[in-house]
Every structure is written in C-alpha cells, then in structure tokens.
Amino acid sequence: MKKSLLFIALLCTVGLLKAQTTTKDTAKSSTDSLMNTLSAPEKGEPVIATFKATRLILSQTTETVKKKELNFLVIHRFGDIGSSAGGGKTLWGLDNSSDIYIGFEYGLTDNLNIDFGRSKFEQMVELGLKYNILHQKTDESMPVAVTLIGKTGFKTYHTETTMFDDYANRFSYLMQAVIARKISSALSLQVSPIYLRNNIPYPFLAGNEKNIFALSAAGRLKFSKRMGLVVDYVHPFSNFRNNSVDPRFYDGLGVGIEIETGGHVFTINFTNAQAISEFNYINNTQSSWSKGQFRLGFTISRIFDFNKKHKSTY
C-alpha cells in the first residue's frame with residue numbers, strides 16, 4: 001500500500017514538474033516572440049533622419065520641422081581665405097563677413113513648414129513654404145523622399161549694383177523639388193531641380209536672363225554617431241554664364257563637417273559661394289576655389305518644441 005502511494009505521488013510530482021517546464025517554455029517562447037516583434041522594423045514605415053537638419057551648406061534637405069516646432073537658424077559666411085581680399089591682413093577672412101542669414105522655420109503640420117528669413121547680402125527678405133509630399137519607406141514601396149519648396153524673395157533697398165525703377169522688380173521667386181534617398185544608416189544623397197525667376201536680371205548685366213534653371217546635388221556620410229561629412233554643389237543652366245568672361249561666374253560648391261549635439265545641429269564648412277540665399281548664390285557666384293576665393297562658414301540649427309506632448313526627433 002505504501003509502495004502504491006509512493007508511486008502515485010512520484011507520478012504526480014513528475015507530471016507537475018513537466019507541466020511547470022512546459023508552462024515556462026511556453027511563456028519564454030511567447031516572450032521571445034513578443035521581443036522579436038518589437039525589435040523588428042515594421043514594413044512600410046517611413047525612413048527617418050535621412051538628414052539631421054533642414055539645411056546642409058547651400059541646399060535645403062527633404063527634412064521638415066515637426067508640428068508646433070520652431071527651428072531657429074543662424075548661418076554665417078566669412079570673407080575670402082585667399083586671393084587679394086584674404087590672407088593675413090584679414091586673418092584669412094575672419095575679419096569680414098560676406099553674408100549673414102537669420103531665419104525661422106515653423107511646423108504648421110509634421111509635413112508642412114512656413115519659413116521666414118533675412119540675409120545681409122542684397123538685404124534679401126524671404127518667405128516660403130516647404131511641403132514633404134512623399135516619404136521613403138522601409139519596405140521600398142517608396143524608394144525616395146520628395147519635398148517641394150516655394151519661396152518669394154524681396155530686396156528691401158537699392159544696392160550698388162541694382163537700382164529698382166519699379167517696385168515689382170524687387171521680387172524674385174523660386175520653385176524647387178528636393179529628391180532624397182537614405183542609402184544606408186551612414187549615407188544619404190539628394191538631387192534638386194530648381195527654377196529661379198528674377199523680375200529684373202540679377203546681377204543687372206546686359207544679356208543676363210531673368211529665368212534660370214539649376215540642378216543641385218548633395219550628400220552626407222556619417223563617420224561617427226554624431227558627426228558626418230557633407231558635400232553640396234549647384235550648377236545653373238545659363239547661356240549668359242557659360243559664355244561670359246567678365247565677370248566670370250562659377251558653380252557653387254561647399255564641403256563641411258556636420259555635428260549633432262542634442263537639440264543643436266552645427267555645420268562647419270568651406271564654400272566659394274558668398275551669398276547664403278538661393279536667390280543670390282545660384283545666379284551670382286563669382287568666386288573661384290582655385291584662386292583662393294573660398295571662405296569659412298557655419299550653420300547653427302536649434303529646435304524649440306511648443307508641443308509638450310510631442311517628442312522631437314531632432
């Protein structure tokens with residue numbers, strides 16, 4: 001009788017242990033499955049942070065400021081490092097500034113921004129809209145991101161090179177499509193067709209065009225968690241510029257280092273473009289890298305979030 005009871009108790013113990021082991025294995029399997037689901041990227045999700053900022057050196061990127069966020073921009077270009085205007089007498093351009101831009105970008109929605117800014121160069125005031133119409137997707141259903149930009153520029157004062165005989169001649173207009181792709185976690189590329197209209201040719205020279213088409217190309221290569229190399233180039237398609245000898249026009253080219261520091265994105269760069277605004281550098285870059293007519297510059301981008309429920313991705 002005791003042996004029978006002992007045998008029955010042993011069977012119950014084995015059964016209980018097996019049930020507990022099965023329960024633990026099932027729970028472990030369920031937990032592993034849940035963790036795998038959480039860690040695996042969802043198909044069709046938008047690719048984020050193709051670029052770390054809304055601007056590179058010359059170009060705007062496809063990135064937009066999110067809803068109820070304000071991006072404060074300070075962009076500075078010093079004087080020529082070399083050539084007759086540079087050298088030690090100007091501390092290689094640090095004594096001078098070719099242009100200074102202060103601007104604001106505000107998110108009306110996550111995909112739609114309104115922009116406002118002013119440049120020292122030609123005293124240009126700008127107002128624009130920026131709309132991120134397409135997002136690159138992780139499942140490749142959409143291989144690129146596309147952002148549309150429309151801007152109006154207004155020159156508030158007469159300058160040494162431009163006298164306005166008509167109020168309407170102070171206005172310029174720009175339309176642009178920025179097409180970008182995040183190739184990998186380290187490499188992002190973009191191209192951008194641009195249409196620029198000046199109501200009066202700029203600069204005001206015989207034979208110069210009012211309408212200019214241009215194409216820009218830019219890229220960013222990360223080499224650490226918070227730093228990357230950026231390159232920015234623009235080519236205007238213009239018979240006047242191609243055939244002109246005096247003055248001589250050049251394509252805009254910039255190279256630099258981008259540094260992310262939490263809420264700030266800081267870019268240190270060198271470029272031959274004196275002006276910061278597209279209204280000025282696309283059609284009036286008269287500086288040559290080969291002649292030492294390039295300059296140090298920097299861009300500071302700072303996001304302010306006015307929506308406490310929204311966590312900024314910048």
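Excluded from the calculations below are hydrogen atoms, water molecules and symmetry mates; all remaining heavy atoms, backbone and side chain alike, are included.
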From CA spacing to verdict: salt bridge (charged side-chain N to carboxylate O under 4.0 Å, His left out), Glu63, Lys52:
CA-CA 8 Å; Glu63 300 298 319; Lys52 286 294 183 180; over 6 Å; no

Tell me, with the steps shown, if Arg77 and Tyr281 meet side chain to side chain contact (heavy atoms under 4.5 Å, CB included).
CA-CA 12 Å; Arg77 300 264 167 83; Tyr281 75 75; 5.6 Å; no

Side-chain H-bond candidate by donor/acceptor type, Ser59 with Gln190, under 3.5 Å
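Judged by distance alone, the side chains do not pair up.
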
So, Ser301 versus Asn71: side-chain donor-acceptor pair below 3.5 Å or not?
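Side-chain D/A pair, Ser301 to Asn71: present.
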
If you take the centroid of each ring, where Trp contributes its six-membered ring, are Tyr167 and Phe154 closer together than 6.0 Å?
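Centroid distance Phe154-Tyr167: below 6.0 Å, so yes.
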
Where does the angle between the aromatic ring planes of His235 and Phe237 fall among parallel (under 30°), tilted (30 to 60°) and perpendicular (over 60°)?
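The arrangement is perpendicular - the two ring planes meet at more than 60°.
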
Classify the ring geometry of Phe298 against His76: parallel below 30°, tilted from 30° to 60°, perpendicular beyond 60°.
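It falls in the parallel class, under 30°.
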
What do you reckon, is NZ of Lys68 surrounded by more than 12 foreign heavy atoms closer than 6.0 Å?
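Result for NZ/Lys68: open.
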
Is the count of non-hydrogen atoms from other residues, nucleotides or ligands lying under 6.0 Å from Lys89 atom NZ greater than 12?
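Count over threshold, so yes.
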
So, are Glu278 and Lys151 salt-bridged, with charged N and O less than 4.0 Å apart?
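Result for this pair is yes, salt bridge flagged.
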
Decide, yes or no, whether a salt bridge links Arg220 with Glu258 under the criterion of side-chain N to carboxylate O below 4.0 Å.
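Between Glu258 and Arg220 there is a salt bridge, with a charged N closer than 4.0 Å to a carboxylate O.
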
Please identify which of these residues, Asn208, Asn284, Asn169, meets the side chain to side chain donor-acceptor pair (under 3.5 Å) condition with Tyr202.
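Exactly one candidate clears the test, Asn284.
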
